Amino acid sequence: MLTRVAEAIAAARAVVAVTGAGISAESGVPTFRGAGGLWKRFRPEQLATPEAFARDPDLVWEWYRWRRAMIAAARPNAGHEMLARLEARVPRFTLLTQNVDGLHRLAGSRNVLELHGNIWRSRCSAEPDRGFDDRSSRGQAEEAASDASPAAAPRCPSCGARLRPDVVWFGEPLDTRVLEAAMAAARDADLVLVIGTSAVVYPVAALPSIARAAGARVVEVNVEDTPLTSEADFVLRGPSAIVLPALERLL
Ligand SMILES: [Zn+2]
């Protein structure tokens, strides 16, 4: 099976890799669902919503700072690193991720579409296109809120409105530009690798069938069966940090 997938990758002109919580979990990032119960008495579903932010922005920011602190300690694993190297050897390579932790870029991947945003960015709640990179600027945006308490939601240095994490919350649509680019990549693909995601959440749930309808083959890399398994042309069982480097050795 591994050899046949390696041959398919070697022959592919356009590869799309779709990643989810599984690959981050292998780097020690607590998965979103798994975080339930770890933090006070709130559930993520009650904090990662526009309504929660409107009701109590300071609380939402406290939760995101707590998540950032956990993610800050995580490093890309061998699976992330293999995907970054794969990008260099495939003519057209697109990485679609549901993860907000930024580990793919940290590993060196460049053509990355972050479907659910990035936890290290914030953006103005009043000016959608005004974004801030809080990791590289070491919290510069948050320092703009120095008149407030450190636990408060930061303010936009330009207009004074509250900043919000630049992630997609429950009940919010995906960024249209990101979604369109993801769909275009799926239609263009010869091969789709679906890694560490059960692929049940839109749009990731739709991407493999869009790619298959356009002639692509689908490879699933996961530690367990998912709703995608029966549709996949190839199924590789195991952690991505083991399976992907093993695949690379056959290329
Ligand atoms: Zn603003």
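One-based numbering, in listed order, for ligands and for the atoms of each. Remember, it's a predicted structure, so these values are computed and weren't measured experimentally.
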**Q** Listing residue and atom name, which protein N/O/S atoms are closer to the Zn ion (ligand 1) than 2.8 Å?
**A** C124 SG, E127 OE1, C156 SG, C159 SG
**Q** Between D166 and S122, is any side-chain donor less than 3.5 angstrom from a side-chain acceptor?
**A** no
**Q** What do you reckon, are the aromatic ring centroids of F53 and W169 less than 6.0 Å apart?
**A** yes
**Q** Not counting sequence neighbours, list each pair that qualifies as a ring pair (Phe, Tyr, Trp, His ring centres under 6.0 Å) and has a residue in residues 69-91.
**A** H80-H104
**Q** For T97 and E114, does a side-chain donor sit closer than 3.5 Å to a side-chain acceptor?
**A** no
**Q** Taking the side chain as everything from C-beta on, heavy atoms only, tell me whether T49 gets closer than 4.5 Å to Q46.
**A** no
**Q** Is it true that R92 and D188 make a salt bridge, defined as a side-chain N closer than 4.0 Å to a carboxylate O?
**A** yes
